[in-house]
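Working notes for the structure below.
In this text, all values refer to a predicted model and were calculated from it rather than measured experimentally. Numbered from 1 within each chain, the chains take letters A, B, ... in sequence-line order.
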Amino acid sequence: MFNHRSLWHKALDASAWRHTMEYPFHKIEPKWQKTWQERRIFSPQEVPGKPKYYVLSMFPYPSGVLHIGHASNYAIGDAISRLKMMQGYAVMQPMGYDSFGMPAENYAIEHNSHPRITTEENIASMRSQFDSMGFGLDWEREVSTCRPDYYHWGQYLFKKLYEKGLVYRKRSFQNWCEACQTVLANEQVDEGRCWRCHGEVNQKELEQWYFRITDYAEELLDFSKMIDWPERVIQMQRHWIGKSEGTRIDFPLQEDGSPISVFTTRPDTVYGVTFMALPPEHPLVQKWLAENPQDTALRAFCDKVINEDKISRSAADTIKEGIFSGRHCINPLNGSKIQIWITNYVLMDYGTGAVMAVPAHDQRDFEFARKYDIPIQVVIQNPEQNLDVATMEEAYIEPGIMANSAPFDGMDSEAAKEAISKLIEEKGYGQVSSSYRLRDWGISRQRYWGTPIPVIHCPSCGVVLVPDEDLPVELPENVQVGKTTSNPLLSVPEWLNVKCPGCGGDAQRETDTMDTFVDSSWYYARYADPHNSTQPFDPAKASYWMPVDQYIGGIEHAVMHLLYARFIGKFMRDLGWLEADEPFQRLLTQGMVLKDGAKMSKSKGNVVDPSYIIQKFGADTLRVFLLFASPPDKDVEWSDDGIMGAYRFLNRIWRLISGNRDAIQRGLQISVSQQDLEALDAKDKELLYSTHQAVKKWLDDSLQRMQYNTAIAAVMEHLNHCTAIKDPSGLEGAALATFASACRSIPLMLYPFAPHIAEELWEMMGYTQLLHEVGLPQYEERWLTRDLITYVVQVNGKLRGKLEVAPDIDEEELKTHALNVENVQRTLEGFVVKKVIVIPNKMVSIAAAKG
RNA sequence: GCGAAAGUGGCGGAACUGGCAGACGCGCUGGACUUAGGAUCCAGUAGGUUUUUCCUGUAGGGGUUCAAAUCCCCUCUUUCGCACCA
């Protein structure tokens with residue numbers, strides 16, 4: 001907590017109490033939270049014709065403790081939400097819990113309890129912490145992914161995907177985390193380690209369920225439907241999908257003519273193929289192994305490579321190794337005989353899982369060929385320096401002039417790419433195609449605490465989907481969590497063994513559960529109709545609320561969650577459940593809260609507990625600090641002094657308004673004419689100008705730019721102007737009215753950031769409406785421009801004087817004035833004026849040369 | 001290695017389309033009120049200087065412009081993403 005200073009611990013010391021600044025946030029905050037809740041202002045209904053605004057912050061895993069990062073994240077969402085409420089939108093800001101998954105299971109093991117119990121306890125505890133922050137969340141729409149009424153529809157969605165051919169099962173080598181005892185999707189492996197526990201990941205052959213996200217690869221590359229997504233996230237997704245265009249070519253095997261398919265982006269190098277590279281996992285290799293059990297050298301090599309962990313195998317600097325298979329295939333273009341090698345550097349799950357190796361023009365193939373003395377054939381000549389196989393030290397990967405490529409010799413290689421592809425298609429050797437880095441999404445997890453996959457395995461019928469009327473397939477309760485080494489659901493026979501819905505014979509349930517990213521890939525739509533018990537949601541309600549107007553979450557979800565959610569969103573659209581092509585119109589990736597430059601974590605011992613801050617300084621202080629410290633998409637550096645600054649700011653406001661309560665109330669009753677205002681003396685008129693300017697800046701920063709730090713700065717600046725008025729109670733007439741209306745704007749501008757104190761001050765001024773009903777503060781154009789404008793005068797780019805003139809001054813007159821400024825005259829001595837440039841309302845710039 | 005973003009006081013950060021660099025806050029310095037200060041109020045706070053008067057200054061170097069933190073080129077540093085993707 002506050003370990004580098006102990007100042008505030010003294011704040012609770014009674015002897016020092018009387019001098020400590022203090023506004024009654026302890027009373028105010030619960031009061032308004034209760035009022036909001038009673039009046040249900042955060043539970044919007046669908047009102048046809050009323051514009052809606054859907055603000056969604058990524059739902060948390062219910063750890064039981066509200067972290068400062070949550071506070072920061074949801075403070076941003078709440079600011080947007082309340083701003084939109086002031087603007088008159090029907091605002092929905094729901095909240096729920098991503099409550100399935102390993103952490104919940106591990107937490108229960110740790111506490112020797114059941115995840116259902118610990119999860120519900122944690123949810124209750126988080127709920128009260130959310131409320132103590134004063135977030136405007138619609139709890140009537142709460143969802144929790146681990147409850148049967150939610151995962152029922154996840155199972156239903158699985159069935160729909162299955163029926164549309166987007167689910168399949170495949171036996172293959174998987175990323176296996178030994179610590180978590182489960183498989184991981186490729187996206188969940190980070191530098192060869194588990195994204196959650198950072199344990200080592202190795203390869204295990206398993207049968208797994210997959211979602212065919214690759215069917216949507218092309219559409220997922222279309223980002224044109226988003227209004228405002230960070231370019232960074234789009235780039236990351238684009239790169240993750242990794243489309244490359246090229247050609248698929250079939251190389252017939254010498255022995256029986258059956259084809260080996262390769263994918264290449266360099267069809268122009270096809271005459272330079274000198275060997276074929278296959279990974280040990282390739283089906284052909286597996287077939288050869290099965291047919292020739294006596295080939296121990298091949299067997300040993302394959303076993304070794306497959307069992308090598310993925311980190312070292314996939315690292316770019318791993319030494320390339322291979323073994324000659326003893327077999328050959330034929331290059332269909334020139335009939336040459338090509339050796340087939342089994343290697344450790346080809347990936348089974350990219351392209352076709354086989355590579356035509358062109359050592360002269362691919363660095364990896366080059367290294368391999370040099371190591372094993374495989375011939376190298378130059379087919380693209382470097383126009384600047386002739387390539388010689390004998391002396392080449394690296395592959396030549398640039399374009400050049402075709403050589404040793406029969407009919408294409410002398411052609412430019414870029415042109416040859418197309419010509420050769422065309423020839424390949426004409427002759428039926430292959431076809432032009434695209435390949436994606438994106439893999440299908442493996443959703444099976446060998447864990448207990450997840451959505452059961454609604455499938456029954458029947459010895460005679462095979463895979464049978466659980467009928468709709470039997471959904472949800474509920475998780476059994478009596479599982480010895482943490483006590484099983486294999487799939488936990490296998491240990492519950494009364495759940496496991498069922499009758500086949502097809503033939504009525506003995507059958508077994510699927511014991512894998514779904515990746516929790518499945519749960520979070522459609523929750524945004526469930527919020528539109530969270531209690532529907534006959535379908536995932538009513539499409540009519542979804543049509544009102546969807547898409548999400550503003551989605552907020554961490555950059556860590558740039559690829560996984562956001563890509564999966566887009567995929568399922570598009571699928572639900574294709575089913576006719578949703579109308580929008582994209583579920584999230586705008587995306588804000590908020591920054592992290594750092595302390596001492598590092599992410600807060602228990603292990604580093606630099607965690608700040610938000611409830612401690614709320615208790616000492618109030619939720620409004622915490623929110624103002626978090627929003628003021630930096631723009632929403634940047635990291636926030638935690639600062640104890642910064643908290644004090646925010647607290648001081650709110651106290652100053654409190655003193656200003658509560659201290660001048662009567663004057664303000666009186667001033668608000670006075671009706672003033674335009675003439676009265678025009679006649680104000682300079683000091684009071686200045687307050688009028690600065691009020692309108694502050695409101696304008698505030699509106700701009702908070703609504704257009706979503707830059708709350710500067711919006712709050714505008715309020716602070718405005719406060720400074722208000723407190724500069726020394727004796728407000730002595731004011732009267734238009735001057736008092738001006739002061740009162742300057743003060744009146746403060747709660748309005750504070751509301752999205754510090755809603756409790758804002759409501760209290762508003763009430764103190766004698767108003768009875770809640771602030772979101774009042775609407776946004778307004779400004780008038782007239783009071784943005786002062787009677788006199790200050791022009792800066794520059795000579796050759798340097799500030800040489802200032803000029804106070806009327807806003808409607810004639811340009812020529814202004815130039816004359818500028819040239820006559822004393823200091824300007826002095827600077828211009830010995831110079832000839834070449835040009836005078838006027839920037840309206842800002843400056844006069846004089847270009848002069850020695851003369 | 002490839003790609004992207006960023007670099008501004010002691011600190012967090014402002015400066016939106018090129019137009020007074022350092023808004024606002026923190027911290028610091030001095031003062032006021034005080035038994036006291038961790039409250040509050042006032043003044044100051046980029047560096048230098050001849051301290052109402054000019055010079056330098058937005059990672060460094062060049063360029064475009066009347067005018068550059070902002071645009072262009074090169075270099076350096078940091079962060080992030082990807083990393084045998086054929």
Provide the distance between the two [atom1] atoms, one in [N] and one in [M], to the nearest whole Å.
N      : M      : atom1 : answer
C33(B) : A43(B) : C1'   : 15 Å
U77(B) : U29(B) : C1'   : 34 Å
A5(B)  : C74(B) : P     : 15 Å
G63(B) : A14(B) : P     : 31 Å

Is [X] side chain donor-acceptor paired with the [N] base, going by distance under 3.5 Å alone?
X       : N      : answer
K842(A) : C20(B) : no
S845(A) : G19(B) : yes
K834(A) : C66(B) : no

Quiz item: OP1 or OP2 of A39(B) sitting under 4.0 Å from any side-chain N/O of R652(A)?
Solution: no
Quiz prompt | K798(A) side-chain N/O to U53(B) phosphate OP1/OP2 under 4.0 Å | solution = no
Quiz item: Under 4.0 Å between a Lys/Arg side-chain N and an Asp/Glu carboxylate O for K815(A) and E812(A)?
Solution: yes
Quiz item: Are the charged groups of E637(A) and K595(A) less than 4.0 angstrom apart, N to O?
Solution: no
Quiz item: Using purine N1 to pyrimidine N3 plus N6-O4 or O6-N4 for Watson-Crick, or N1-O2 and O6-N3 for G-U wobble, each under 3.5 Å, what pairs with G3(B)?
Solution: C80(B)
Exercise. Could you let me know what A14(B) is paired to, Watson-Crick or G-U wobble, both distances under 3.5 Å, or none if it's on its own?
Key: none
Which nucleotide in the list [options] gets nearest to the side chain of [X]?
X       : options                : value
V792(A) : C20(B), A15(B), G27(B) : C20(B)
E717(A) : C55(B), C24(B), C66(B) : C24(B)
V355(A) : G19(B), C16(B), A86(B) : A86(B)
N720(A) : C24(B), G19(B), C82(B) : C24(B)

Quiz item: Is the glycosidic angle of G9(B) within 90° of 0, making it syn, or outside that range, making it anti?
Solution: syn
Quiz item: Starting at the 5' end of RNA chain B and moving along, which residue's nearest nucleotide shows up first, T710(A) or R800(A)?
Solution: T710(A)
Quiz item: Starting at the 5' end of RNA chain B and moving along, which residue's nearest nucleotide shows up first, N823(A) or I319(A)?
Solution: N823(A)
Practice problem: Please report the closest heavy-atom contact between H361(A) and A395(A), naming both atoms and the distance. | Solution: C-CB, 3.8 Å
Exercise. Search all heavy atoms of F251(A) against all heavy atoms of P332(A) and return the closest pair with its distance.
Key: CD2-CD, 3.9 Å
Quiz item: So, for F753(A) and Y708(A), is the gap between ring centers shorter than 6.0 Å?
Solution: yes
